[in-house]
Amino acid sequence: MRILIDADGCPVVDIAVGVARRFSVPCHIFCDTAHVFDKEGAETHILPKGADSADFALVNFARRGDVVITQDYGLASMALSRGAICINQDGDEYTGENIDALLLARHTARKIRNSGGRLKGPPKRTSEQNLRFERKLTEIVERE
């Protein structure tokens with residue numbers, strides 16, 4: 001098992017790296033040149049800035065049993081197909097049972113935006129979300 005972080009725009013990088021260190025699990029951070037991370041206890045993979053370059057590098061690196069942290073439904077779908085365990089920054093797990101509905105919601109939102117509609121963004125992040133994420137990641141590492 002390894003922890004793989006889609007770090008572009010990820011608010012829980014430090015928490016994930018901390019859990020990886022605590023359990024001596026290898027941790028890999030994937031980002032493009034717009035978001036460079038250098039965290040002790042993690043190997044950083046810096047990819048050229050471009051459409052989904054970090055996402056494709058991460059999914060090609062992923063293998064069965066890895067934990068992928070991402071808020072990107074498309075990346076989660078690809079990682080699930082490789083046998084990875086996928087969670088988002090709030091500790092919600094992506095599964096074969098929920099990923100299709102999430103991808104449909106993303107597609108619908110894009111159609112609304114493309115037609116000039118506006119959607120409300122997410123509320124401000126809370127410390128409870130961070131705790132939920134850390135608990136879920138810890139639970140996954142302990143069970144695997």
* Asked: Looking at N88, V19, N130, I87, which one forms a side chain to side chain contact (heavy atoms under 4.5 Å, CB included) with V12?
  ->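 The option that passes is N130.
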Electrostatic pair [X]-[Y], nearest N-O below 4.0 angstrom:
X	Y	answer
R132	D92	yes
E43	R2	no
R125	D90	yes

* Checking side-chain contact (heavy atoms from CB on, under 4.5 Å) for the pair K39/T44: CA distance, chi angles, key distance, verdict? -> CA-CA 8 Å; K39 304 287 181 185; T44 302; 5.7 Å; no
[X] vs [Y] side-chain heavy atoms within contact, under 4.5 Å:
X	Y	value
R143	I85	yes
L80	T95	no
L4	I29	no
C27	R21	no
K136	E93	yes
C10	I5	yes
D8	D55	no
I69	I3	yes

Side-chain donor/acceptor of [X] to backbone N/O of [Y], under 3.5 Å:
X	Y	answer
Q71	G9	yes
S53	P48	yes
Y94	T70	yes
D66	R63	yes
Q129	T126	yes

* Asked: Going by the angle between their ring planes, with limits at 30° and 60°, are H45 and F30 parallel, tilted or perpendicular?
  ->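 It falls in the parallel class, under 30°.
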* Provide the closest heavy-atom pair for A7 versus C31 in the form atom of the first, atom of the second, distance. =>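 Closest pair (atom of A7, atom of C31, distance): CB-CB, 4.3 Å.
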* **Steps toward side-chain contact (heavy atoms from CB on, under 4.5 Å) verdict (T138, I140)** => CA-CA 5 Å; T138 299; I140 291 168; over 6 Å; no
* Derivation and outcome, side-chain contact (heavy atoms from CB on, under 4.5 Å), residues V68 and D6 -> CA-CA 7 Å; V68 173; D6 174 17; 5.7 Å; no
* Asked: Between V67 and L137, is a side-chain contact (heavy atoms from CB on, under 4.5 Å) present by the stated rule, with each step listed?
  -> CA-CA 8 Å; V67 179; L137 181 56; 3.8 Å; yes
* Test ring pair (Phe, Tyr, Trp, His ring centres under 6.0 Å) applied to F133 - qualifying residues, sequence neighbours left out ->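 For F133 there are no ring pair (Phe, Tyr, Trp, His ring centres under 6.0 Å) partners, ignoring immediate neighbours.
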* To do: Determine whether more than 12 heavy atoms belonging to other residues, nucleotides or ligands lie under 6.0 Å from atom CG of D38.
  =>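 It does not: D38 CG has 12 such atoms or fewer within range.
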